[in-house]
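Note that the numbering runs from 1 along the sequence shown for the chain. The structure displayed is predicted, hence computed values, not measured ones.
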Amino acid sequence: MKLRRVNHLMCYWKDDSLRIDDYQSRRQLRISASVILLLDQLTNWTDLDDLLAEQAEDQRAVVEKAVLQLRDLGLVETDENQRHSLLADSPWNDWGPAALYYHLSSRDADYVSDREERRSMAEALALAEPPSQFKEYRDYPFTYLPRTHSKLDMSLNDALMRRRTHRDFSDTPVPLDILSTILHITFAPMAFFEAPPFGMLPLKTSPSAGARHETECYVAAFNVKDLLPGLYHYSTERHGLSRLRSDFSRDLMGYLSYEQRQCRNSAFSLITTASLERLSYKYKHQRAYRLWFYDIGHIGQTFALVCTALGLGPFQTAAFRDAEIERELGVESSSEYASYILGAGYPLNTAQSGLTT
């Protein structure tokens with residue numbers, strides 16, 4: 001009988017024990033270092049008799065028993081019962097085991113449908129002090145944005161049909177009231193509602209898992225009328241901008257976005273982050289890691305439609321230098337992560353603008 005360890009194994013230390021995940025079958029086991037060594041010997045197809053012949057005589061029975069147990073647990077496959085590898089001949093092979101591990105380990109939501117059980121869980125969660133719904137930079141110069149907003153007169157149908165990604169922009173500055181409108185409609189609360197036992201929760205124009213609204217917005221302003229160039233944080237509570245840096249240049253924005261010309265040349269770029277504390281307060285399971293990807297996608301579409309309705313050319317990109325952009329923002333990368341870059345300006349004519357779908 002020939003045997004081989006299966007491909008889908010992830011090993012890690014948790015607390016005081018070594019764990020192994022067979023993440024294709026969703027099985028997690030505690031193991032010893034000797035098991036790791038044995039699995040290493042079974043990296044390639046190996047005849048069981050040949051494996052046992054390599055062992056000391058007094059260890060052969062122990063090794064054979066261990067191999068057969070690993071087979072029964074699904075960590076070792078036989079030539080007669082070979083398991084299909086998702087990493088073979090599929091896109092997962094290009095994306096690698098880390099992507100596959102994340103995907104499989106966050107599948108099949110552990111959803112509680114019973115009303116009483118959900119109520120009990122919510123009450124237990126609400127006993128903890130919730131994180132603030134608003135992030136503020138109180139010690140930085142602050143600019144209140146206009147409270148009167150530009151009207152979105154374009155119909156939803158026209159905004160949807162005209163939305164395109166733009167990469168080239170004119171030198172015309174974006175008026176401050178236009179930027180104000182975009183920030184308010186895209187990121188700020190439109191209202192609040194009472195949601196016992198979680199208290200008052202914000203209602204925004206984009207859906208968010210559990211109304212956690214974990215997204216923060218940083219504004220890199222380059223060509224906005226009546227606003228000094230630099231890096232700002234948008235306060236959704238006060239509807240204004242805290243000026244964090246004056247030296248946040250187009251060159252730096254270009255570098256952080258791998259020299260994508262739309263990021264360098266736009267009138268402004270919005271760097272969004274996700275506050276994990278705000279999201280994990282309610283959602284404790286590993287599937288929750290997907291939620292802030294969904295949420296920022298909703299926000300990106302809202303942003304694009306609002307910009308289109310206001311006559312701007314929007315863009316969005318997920319290509320950026322994560323660690324460096326978080327360092328330039330000055331955020332704590334263990335709890336707040338860069339999630340998206342959005343931006344806009346007045347587009348050049350269609351022949352010059354490099355439109356995409």
[X] side chain near [Y] side chain, heavy-atom distance below 4.5 Å:
X	Y	answer
Met253	Asn265	no
Phe315	Leu342	no
Asp177	Thr148	no
Gln133	Pro202	yes
Phe303	Leu270	yes
Leu256	Phe320	no
Thr143	Leu228	no
Leu176	Pro146	yes

Pairs involving residues 314-331, ordered by first then second residue, that meet side-chain hydrogen bond (donor to acceptor under 3.5 Å, both in side chains) (sequence neighbours left out)
Thr165-Gln316, Arg245-Glu328, Tyr255-Glu324, Gln260-Thr317

Do [X] and [Y] sit in the same hydrophobic cluster, where Ile, Leu, Val, Met, Phe, Trp and Tyr count as joined when their side-chain heavy atoms come under 4.5 Å apart?
X	Y	result
Met10	Val6	no
Ile299	Leu203	no
Leu9	Leu29	yes
Leu244	Ile271	yes
Val174	Leu231	no

Under 3.5 Å, is there a donor-acceptor pair between the side chain of [X] and the main chain of [Y]?
X	Y	result
Ser180	Leu145	no
Ser105	Tyr101	yes
Asp47	Asp49	yes
Arg147	Tyr144	no
Asp168	Gln262	no
Asp40	Ile36	no
Gln301	Gly297	no
Arg278	Arg212	no
Ser155	Asp158	yes
Arg243	Pro229	yes

Which residue pairs pass the salt bridge (Lys or Arg N to Asp or Glu O under 4.0 Å) test when at least one of the two sits in residues 286-302, sequence neighbours left out?
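Counting only pairs at least two positions apart or across chains, no salt bridge (Lys or Arg N to Asp or Glu O under 4.0 Å) contact touches residues 286-302.
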
Distance only, no hydrogens: is a donor on one side chain within 3.5 Å (strictly under) of an acceptor on the other, for [X] and [Y]?
X	Y	result
Thr302	Thr186	no
Arg19	Ser17	yes
Thr272	Ser339	yes
Glu336	Thr273	yes

Could you report the tightest heavy-atom contact between [X] and [Y], atom names first, then the distance?
X	Y	answer
Leu312	Pro347	C-CD, 4.2 Å
His166	Gly313	CD2-CA, 3.4 Å
Gly345	Ala267	CA-CB, 4.0 Å
Met190	Ala188	CE-O, 3.2 Å
Trp292	Ala338	CZ3-O, 4.1 Å
Leu305	Ala159	CD2-O, 3.8 Å

Using the side chain to side chain contact (heavy atoms under 4.5 Å, CB included) rule, pick out the option among Ile31, Ile20, Leu38 that qualifies with Leu70.
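Option passing the side chain to side chain contact (heavy atoms under 4.5 Å, CB included) with Leu70: Leu38.
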
Which is it for Glu136 and Ser235 under the side chain to side chain donor-acceptor pair (under 3.5 Å) test, yes or no, and what are the steps along the way?
CA-CA 6 Å; Glu136 291 289 346; Ser235 167; 2.5 Å; yes

Aromatic ring centroids of Trp92 and His103 under 6.0 Å?
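Between Trp92 and His103, the centre distance is under 6.0 Å.
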
Ring centres of Phe142 and Tyr140 under 6.0 Å apart?
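Ring centres of Tyr140 and Phe142 not closer than 6.0 Å.
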
Over 12 non-hydrogen atoms of neighbours within 6.0 angstrom of [atom1] in [X]:
X	atom1	value
Asp50	CG	yes
Arg60	CZ	yes
Asp139	CG	no
Glu57	CD	no
Lys284	NZ	yes

According to ring pair (Phe, Tyr, Trp, His ring centres under 6.0 Å), does anything in residues 226-246 pair up with another residue at least two apart or in another chain? List the pairs.
Tyr137-His233, His149-His239, His184-His239, Tyr218-His233, Tyr234-His239

The test is salt bridge (Lys or Arg N to Asp or Glu O under 4.0 Å); show your working for Glu77 and Arg71 and say whether it passes.
CA-CA 6 Å; Glu77 59 188 358; Arg71 179 200 62 186; over 6 Å; no

Audit row: Tyr289, Tyr102, ring-ring contact (aromatic ring centres under 6.0 Å, His included) steps and yes/no:
CA-CA 9 Å; Tyr289 180 68; Tyr102 156 65; 5.1 Å; yes

Rounded to the nearest 0.5 angstrom, the CD1-OH distance for Ile296 and Tyr340 is 8.0 Å

I want to check a possible cation-pi pair here: Lys204 against Phe187, using under 6.0 Å from ring centre and within 45° of the ring axis as the test.
no

